[in-house]
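Since we're looking at a predicted model, the values are computed, not measured. Just so you know, residue 1 is the first one in the sequence shown, and it goes up from there.
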Amino acid sequence: MPASAKSRSIKGDKTETSSREEPLDGTFVFANGDKYVGQYILTLDSTIQRHGTGEHILADGTVYRGTWKNDILSGHGKVEFCSGSFYKGELQGTHFSGRGTFNWANGSTLTATFEKSKACGNIQYTDVDGRQWLGESDGKMAKNLRLRLA
């Protein structure tokens with residue numbers, strides 16, 4: 001979601017007027033209440049793009065932390081939800097994408113490969129009592145769950 005430099009509050013180095021590979025640091029507050037704190041670049045048309053490390057805090061309190069490239073969250077990062085749950089692993093935009101672990105607020109976890117935020121293939125679920133369950137997921141439901149014996 002590119003933002004116009006003319007309509008955003010920028011803290012940091014304001015002297016840059018062209019796109020560059022080395023990002024600048026700043027804080028931006030969006031009209032919907034979202035906030036971004038981190039690195040950015042200015043494109044040749046003065047559009048601000050998140051680029052480098054940063055965190056985007058949604059108005060509802062959800063926090064996306066990680067590395068941004070041309071305004072898209074990409075690579076390893078963390079998403080923290082208001083419920084206390086969080087995801088840590090590979091991200092592409094706002095989706096869990098690649099290997100990662102989802103941690104529920106109650107202490108249970110799901111480690112899997114994710115595609116568009118859905119667990120696919122082999123999964124490992126750890127319940128609130130610390131028992132590990134192995135199985136598969138087709139992106140909709142877990143199948144063939146079996147208790148892992150120590």
Legend entry - Salt bridge present between Arg146 and Glu136 (N-O < 4.0 angstrom): yes
Legend entry - Spacing of CZ belonging to Arg50 relative to CD1 belonging to Ile41, to within rounding of 0.5 Å: 12.0 Å
Inset, instruction - Report, as yes or no, whether the 6.0 Å neighbourhood of atom CD on Gln124 holds more than 12 heavy atoms from other residues, nucleotides or ligands. - result: yes
Inset, instruction - Among Lys118, Arg99, Glu90, find the one that has a side chain to side chain contact (heavy atoms under 4.5 Å, CB included) with Thr113. - result: Arg99
Legend entry - Pairwise ring pair (Phe, Tyr, Trp, His ring centres under 6.0 Å) hits with a residue in residues 107-127, at least two apart: Tyr87-Phe114, Phe96-Phe114
Inset, instruction - Working to the nearest 0.5 Å, report the span between CG of Leu73 and OG1 of Thr67. - result: 7.5 Å
Legend entry - Least distance between heavy atoms, Tyr36 atom then Thr53 atom: OH-O, 3.7 Å
Legend entry - Nearest non-hydrogen partners of Gln39 and Pro23, listed with the distance: CB-CB, 3.6 Å
Inset, instruction - Give the cluster check for Ile123 versus Leu147: same hydrophobic cluster or not, with ILVMFWY residues linked at side-chain heavy-atom distances below 4.5 Å. - result: yes
Legend entry - Val79 and Thr94, any side-chain heavy atoms less than 4.5 Å apart: no
Legend entry - Side-chain donor/acceptor of Asn103 to backbone N/O of Ser85, under 3.5 Å: no
Legend entry - Same cluster (ILVMFWY, side-chain, under 4.5 Å), Tyr40 and Ile72: no
Inset, instruction - Flag the pair Thr101 / Lys88 as yes when at least one side-chain heavy-atom distance between them is below 4.5 Å, and no otherwise. - result: no
Legend entry - Distance, nearest 0.5 Å, that separates CG of Asn144 from OG of Ser137: 11.0 Å
Inset, instruction - Identify the two heavy atoms, one from Asp60 and one from Cys82, that lie closest to each other, and give their separation to 0.1 Å. - result: O-SG, 2.5 Å
Inset, instruction - Write down the atom of Arg65, the atom of Leu91, and the distance for their closest heavy-atom approach. - result: O-CD1, 4.3 Å
Inset, instruction - Starting at OG1 of Thr43, measure out to CD of Gln49 and round the result to the nearest 0.5 Å. - result: 5.5 Å
Inset, instruction - Report the C-alpha distance between Phe86 and Val63 in whole Å, list the side-chain angles of each, state the deciding distance to 0.1 Å, and finish with yes or no for side chain to side chain contact (heavy atoms under 4.5 Å, CB included). - result: CA-CA 9 Å; Phe86 66 93; Val63 179; over 6 Å; no
Inset, instruction - Would you mind reporting whether Leu58 and Tyr64 have side-chain heavy atoms less than 4.5 Å apart? - result: yes
Legend entry - Nearest-0.5 Å distance that lies between atom CD1 in Ile57 and atom CD in Glu80: 9.5 Å
Inset, instruction - State, with a plain yes or no, whether a side-chain heavy atom of Lys69 is found less than 4.5 Å away from one of His51. - result: yes
Legend entry - Closest contact, heavy atoms only, Leu145 versus Trp133: CD2-CB, 4.3 Å
Legend entry - Arg131 side, atom CZ; Arg148 side, atom CZ - distance, nearest 0.5 Å: 15.0 Å
Inset, instruction - Compare every heavy atom of Gln92 with every heavy atom of Ser97, then report the nearest pair and how far apart it is. - result: CB-CB, 3.7 Å
Legend entry - CA sep, side-chain torsions, deciding dist, call: Leu42, Ile48, side chain to side chain contact (heavy atoms under 4.5 Å, CB included): CA-CA 5 Å; Leu42 291 176; Ile48 296 167; 3.4 Å; yes
Inset, instruction - Over 60° means perpendicular and under 30° means parallel, so classify the ring planes of Phe102 and Phe81, tilted if in between. - result: tilted
